[in-house]
**Q** 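Below you'll find the structure I mean.
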Amino acid sequence: MDLGFRGDVVDFYHRFRRGYPPEVIDSLTDAFRLTTDDIVVDLGCGTGQLTLPIAQRVRSVVAIDTEPDMLVRARLAAREQEVTNVSWMLGADTDMPTLGAVIGHRNLSAVTIGQALHWMNPEKLFRAMVPFFRSGGGVSVVTNGTPLWLQDTAWSQALRGYLERWLGSELTRTCGTDDPSQLPYRDGLTTAGYDVAATTVDYTDELSAEQIVGGVYSALPVDRLPTPEQRQHFADRLRDVLQPHRPFTEEVRVRILVGRVR
Ligand SMILES: C[S@@+](CC[C@H](N)C(=O)[O-])C[C@H]1O[C@@H](n2cnc3c(N)ncnc32)[C@H](O)[C@@H]1O
C-alpha cells in the first residue's frame, strides 16, 4: 500500500510530529532491561522519533522503514544529533524473519514499533519474531496520542469539520491509538506466546495554530497535501476556524504495549 510518506510530507513529519517524552524511553529501557550490550530493531522508524533516543541507551539499532525519503531525513537527523550507532534500512515488517536470522537466534533484545503497527500484519509479525529474542527481550507497540482531529475538544472537532470538507471524506481512522485497536494487538502477542504488559505515559501540552497546520500536513499522504500554492489559503482558513477555540490544549496519551519472551 502506498502511504505517501514522501516529498514535502517528510519535512512536515520531522518538524511537527511529536517525539516521545523521556519517560517513554525509560519505560522501554526498563521493560527489556536494555543496556549498551543490546541490539534493537525499530520497525516503521519514520524520521527517527523512537530510534534516536533509544540508540543512546543501547549498542546499536537497526531502523527499518518502507519509505526512502523518511530514511534520508532520519539519517540526517542522526548526523545532526551525532548518533552514530544506527543502521538505516529500506524494508518492511515482512523482512523481519530474514533480518532476525542475520542478527542471530536469541540475539535481539527488542523490536519497537512506534505508531506504525496499523499498517502491518501483527499476528504474523509477532509469531515470526519470537525465536530471535533473548530472554526478557521482546516487542513493544507504542502509539503516540489520538490524531489531532479526533480528540474530545472543541478545537479538534472544528479541525475535523474543516478537514472533512477539504478532503471530501470522513476521518475516522484512529491509527491504533484507541482501546478497540489495542485489544487485538494484546491478543496477538498473547497468542504468539509473549508475556504482555501495558502502560501509559500521559501529559498535557498546548499547541500553536502553526503546529496544528504542520501536524495535519505531516499526516496527509503526499498526493492529498495542499499544493505549495494552496498552502497559505489552507492555513489561513484553518486558523480562522480554530481561532474561537483557543487555547489548543492537547491531552496526550502514549500507550506502551510490551510483549516479553521468557
Ligand atoms: C506514522 S509513521 C511513525 C514514525 C515513527 N516510528 C513515530 O513513532 O513517529 C509510520 C512509519 O511506518 C512506515 N511503515 C508503514 N508501513 C510499514 C511496514 N509495513 N513496514 C515498515 N515500515 C512501515 C511508514 O513509511 C512511516 O514512516
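Residue numbers count from 1 along this sequence. In each ligand, atom 1 is the first atom listed, and ligand 1 is the first ligand listed.
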**Q** For the 3.5 Å polar cut-off, considering only N or O atoms, please tell me whether Asp42 and ligand 1 meet it.
**A**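 No; the residue has no nitrogen or oxygen that sits under 3.5 Å from a nitrogen or oxygen of the ligand.
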**Q** Which residue in the set Ile64, Leu71, Leu50 passes side-chain contact (heavy atoms from CB on, under 4.5 Å) when paired with Cys45?
**A**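 The side-chain contact (heavy atoms from CB on, under 4.5 Å) with Cys45 is passed solely by Leu71 among Ile64, Leu71, Leu50.
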**Q** Do any N/O atoms on Gly114 end up under 3.5 angstrom from N/O atoms on ligand 1?
**A**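 Between Gly114 and ligand 1 (N or O atoms, distance only) the closest approach is under 3.5 Å.
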**Q** So which of Val254, Thr66, Ile64 gets nearest to atom 18 (C) of ligand 1, if we judge by its closest heavy atom?
**A** Thr66
**Q** Any atoms of ligand 1 less than 4.0 Å from a non-hydrogen atom of Gly44? List them with their elements.
**A** 3 (C), 4 (C), 5 (C), 6 (N), 11 (C), 12 (O), 13 (C), 21 (C), 22 (N)
**Q** Please determine if Asp202 and Arg253 form a salt bridge, counting it only when a charged side-chain N lies under 4.0 Å from a carboxylate O.
**A**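 Yes, this pair counts.
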**Q** What about Asp93: any of its N or O atoms under 3.5 Å from an N or O on ligand 1?
**A** yes
**Q** Could you identify the single nearest non-hydrogen protein atom to atom 8 (O) of ligand 1 and state the distance to 0.1 Å?
**A**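 The closest one turns out to be Tyr20 OH, 2.5 Å.
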**Q** On a heavy-atom basis, I'd like to know which of Glu67, Gln49, Met120 is closest to atom 5 (C) of ligand 1.
**A**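 The residue whose heavy atom sits nearest atom 5 (C) of ligand 1 is Gln49.
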**Q** For Gln115 and ligand 1, does the shortest N/O to N/O distance drop below 3.5 Å?
**A** no
**Q** Consider every N or O of Arg18 and every N or O of ligand 1, then say whether any pair is closer than 3.5 Å.
**A** no
**Q** Give me the nearest non-hydrogen protein atom to atom 13 (C) of ligand 1 as residue plus atom name, then the distance to 0.1 Å.
**A** Asp65 OD2, 3.3 Å
**Q** Work out whether the distance between some heavy atom of Asn144 and some atom of ligand 1 is less than 4.0 Å.
**A**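 No; Asn144 lies far enough from ligand 1 that no heavy-atom distance drops under 4.0 Å.
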**Q** With a 3.5 Å distance limit and no angle check, can you tell me whether Arg260 reaches the backbone of Ala31 through a side-chain donor-acceptor pair?
**A**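 Yes, because the side chain of Arg260 sits within donor-acceptor range (under 3.5 Å) of the backbone of Ala31.
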**Q** Charged N to carboxylate O below 4.0 Å: is that the case for Arg186 and Asp179?
**A** no
**Q** Please determine which of Gln211, Gln49, Glu250, Gln115 meets the side-chain hydrogen bond (donor to acceptor under 3.5 Å, both in side chains) test together with Arg18.
**A**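 Going through Gln211, Gln49, Glu250, Gln115 one by one, the side-chain hydrogen bond (donor to acceptor under 3.5 Å, both in side chains) with Arg18 is satisfied by Glu250 alone.
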**Q** Quick one: does ligand 1 sit under 4.0 Å from the side chain of Cys175, the backbone, both or neither, non-hydrogen atoms only?
**A** neither
**Q** Taking the basic N atoms (NZ, or NE/NH1/NH2) and the acidic carboxylate oxygens, is any pair closer than 4.0 Å for Asp38 and Arg134?
**A** yes
**Q** Provide the number and element of each atom of ligand 1 under 4.0 Å from a heavy atom of Gly46.
**A** 4 (C), 27 (O)
**Q** Are Ser181 and Asp178 linked by a side-chain donor-acceptor pair shorter than 3.5 Å?
**A**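 Yes, Asp178 and Ser181 have a side-chain donor paired with an acceptor closer than 3.5 Å.
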**Q** Suppose I only count heavy atoms of Leu3 and a 4.0 Å limit; which atoms of ligand 1 are within that range?
**A** 15 (C), 16 (N)
**Q** Contact between Leu50 and ligand 1, counting heavy atoms under 4.0 Å?
**A**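 Leu50 does not count as a contact of ligand 1 under the 4.0 Å cut-off.
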**Q** On a heavy-atom basis, I'd like to know which of Tyr13, Trp119, Phe5 is closest to atom 16 (N) of ligand 1.
**A** Trp119
**Q** Taking everything shown except Glu210 itself, do over 12 heavy atoms lie less than 6.0 Å from its CD?
**A**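 No, the 6.0 Å shell around CD holds no more than 12 heavy atoms from other groups.
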**Q** Nearest 0.5 Å please: distance from the OG atom of Ser109 over to the CD1 atom of Ile39.
**A**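 Spacing of OG (Ser109) from CD1 (Ile39) equals 7.0 Å.
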**Q** Is there a nitrogen or oxygen of Ala116 sitting under 3.5 Å from a nitrogen or oxygen of ligand 1?
**A**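 No.
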**Q** By number and element, which atoms of ligand 1 are closer than 4.0 Å to a non-hydrogen atom of Met70?
**A**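 In order of number, 27 (O).
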**Q** Applying side chain to side chain donor-acceptor pair (under 3.5 Å), run through Thr249 and Glu206 and close with a yes or a no.
**A** CA-CA 4 Å; Thr249 305; Glu206 199 175 308; 4.6 Å; no
**Q** Mind telling me whether Tyr217 and Phe234 have parallel, tilted or perpendicular rings, with 30° and 60° as the class edges?
**A**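 Rings of Phe234 and Tyr217: tilted, as their planes differ by 30° to 60°.
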**Q** Within the 4.0 Å heavy-atom shell around Ala92, which atoms of ligand 1 are there?
**A** 20 (N), 21 (C)
**Q** Look up atom CD1 in Ile54 and atom CG in Leu34, then write down how far apart they are to the nearest 0.5 Å.
**A**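 The CD1 atom of Ile54 sits 7.5 Å away from the CG atom of Leu34.
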